[in-house]
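Labels below follow one simple rule: chain letters A, B, ... track the order of the sequence lines, proteins then strands, and each chain is numbered from 1.
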Amino acid sequence: MALFSELGLSEDVIRSVENMGFEEATPIQEQTIPKAIKGKDIIGQAQTGTGKTAAFGIPLVEKMQEGLGQVLGIVLSPTRELAVQVAEELNKIGQYKGIQTLPIYGGQEIDRQIRALKKRPQIIVATPGRLMDHMRRRTIRLNEIQMVILDEADEMLNMGFVEDIQTILQEVPEDRQTLLFSATMPKSIQNLAQRFMKEPEFISVKAKEVTVANIEQHYLEVQEKQKFDVLCRLLDMQSPELAIVFGRTKRRVDELSEGLNKRGYSAEGIHGDLTQSKRDSVLRQFKEGTIEVLVATDVAARGLDISGVTHVYNFDIPQDPESYVHRIGRTGRAGKAGLAITFVTPREIGQLRLIEQLTKHKMIRKPVPTMVEAIEGQQRITMEKLLRVIAEEDLGPYQGLAKDLLEENDSVTLLAAALKMLTKEPDAIEIHLTDVAPLRSKAAQKRSFNPRGYGRNERGRNDRGYSKERGQSNDRGRRENKRGGWKPTSFPKG
DNA sequence: AAAAAAC
């Protein structure tokens, strides 16, 4: 592996990279950086966790110049949180060279962004929609752009940003340099590259690095109804420092985080229906460790780099195998060990096998923990806490009291009472979650494709008794039906 | 069928 000091970088950049704690370049960095500095267009196939941000961030910062008063580089990002994080990393890389990076994303007060733009940052990291908003308002000028980076390009295309990206690429000067990063290389990405890139060089990180080596991967076969109790037991037994729990829908994330709080865990949810300031504050609290459990939709699956995430729980198995790789990649970062645990209902076993095929990695089946094991786990935690107090705290003020107590009681009874008080015993608060629709195979989806929107879909719902019995408002069901109804525009083309 | 993203 090459050292950063051997890659032909300027002293300022080497200094900031060393300051960030990096010495050796990762494979994707070693291959990308020299070529990008020479000015070549590059297509990089790489997952998150491979050091991708620095792979494009270092050459990007190297190419920037101070004092021109223009935006010179743009990074496009699929989610707002990722934009913020990439901007933070670029600011660190540009620290000594005096290169400023500004994140530009939706949900944030636009006047604030306009004021920040007046400080003339050289680099912008943006989500497509808000960038186009600024283009229309003429609060960003793109005519001096020298370098464009498309980060997580496949994800941006999946989210329907094709046209936005095309519009943006048409607005930047033709003689710019373009780097594109994507975990997968579908035809749509190749088309985009062919249209907007100049003789791009293809760089790929080997398939065996698709899943990160230091993440242990387990799965538990559970019934839908058991999931919540099993999750609580696992949290009790494993006592993760920081854990992320992934749920399939936004509503489910709300219910899960509420349920966890009722059971005494400090959990918060994050998904796309929350206000941006709420999303920002939840993420910040999680990074600070104020929240132990982050409950998330796939909004948090990609790219987010939160150090110290020890456990990832897939409460619902992800929809597509790609998403699994991204979710578990939130743990085991920076060489640390991580554990990923996936809940699988009996009918979802096929989905699990698909994931195993993609990752070329067999997951280890684990037994569902019993209540007794969970209690033992809690007791162990209490004991460890107690021993830590003995080692670290000043017990002087309590010793007199202890002696008094010992005159009337025997020591074992006293200690047992103290341990019982300190132990969080799993309690019987009932938590109800709305069932999620079971995953169906691609083939099954095709079979039931029913553009007229009547017949088996709605009936099937009630037959399984989802919305009715829980006494939830019929209103919600109505609204969902309305939205899910027949839309002529959603017909597949061709 | 779900999630994400501009006001």
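- Under 3.5 Å, the side chains of E356(A) and H361(A) contain no donor-acceptor pair of N or O atoms.
- Among dA1(B), dA3(B), dA5(B), the nucleotide with an atom closest to any side-chain atom of Q319(A) is dA1(B).
- Between R80(A) and the phosphate of dA5(B), there is a side-chain N or O to OP1/OP2 separation shorter than 4.0 Å.
- A straight line from CG of L131(A) to P of dA5(B) spans 15 Å, rounded to a whole angstrom.
- Contact check, R279(A) against dA5(B): a side-chain N or O comes under 4.0 Å of OP1 or OP2.
- Between the CG atom of L157(A) and the P atom of dA3(B) there is a distance of 21 Å, rounded to whole Å.
- Applying the 4.0 Å criterion to OP1 and OP2 of dA3(B), one finds that S323(A) has every side-chain N and O outside that range.
- Rounded to an integer number of Å, the gap from NE2 of H134(A) to C1' of dA6(B) is 10 Å.
- Atom CZ of R327(A) and atom P of dA4(B) are 12 Å apart (whole Å).
- Taking CE of M64(A) as the start and CG of L90(A) as the end, the distance is 10.0 Å to the nearest 0.5 Å.
- Atoms CD1 and CD, from I93(A) and E88(A) in turn, are 12.5 Å apart once rounded to the nearest 0.5 Å.
- The distance from the CD1 atom of I306(A) to the CZ atom of R330(A) is 8.0 Å, given to the nearest 0.5 Å.
- Using a 4.0 Å cut-off, some side-chain N or O of T127(A) falls inside it from OP1 or OP2 of dA6(B).
- As rounded to whole Å, 5 Å separates atom P of dA4(B) from atom NZ of K250(A).
- A side-chain donor-acceptor contact under 3.5 Å links T310(A) to the backbone of L242(A).
- When rounded to the nearest whole Å, the span between CG of L274(A) and C1' of dA3(B) equals 13 Å.
- Between dA4(B), dA6(B), dA2(B), one nucleotide has an atom nearer to the side chain of R136(A) than all others, and that is dA6(B).
- Distance L82(A) CG to dA5(B) P: 11 Å, rounded to the nearest Å.
- Atom pair D316(A):CG and dA3(B):C1' shows a separation of 13 Å (rounding to whole Å applied).
- Using a 4.0 Å heavy-atom criterion, one finds that G160(A) contacts no nucleic acid atom at all.
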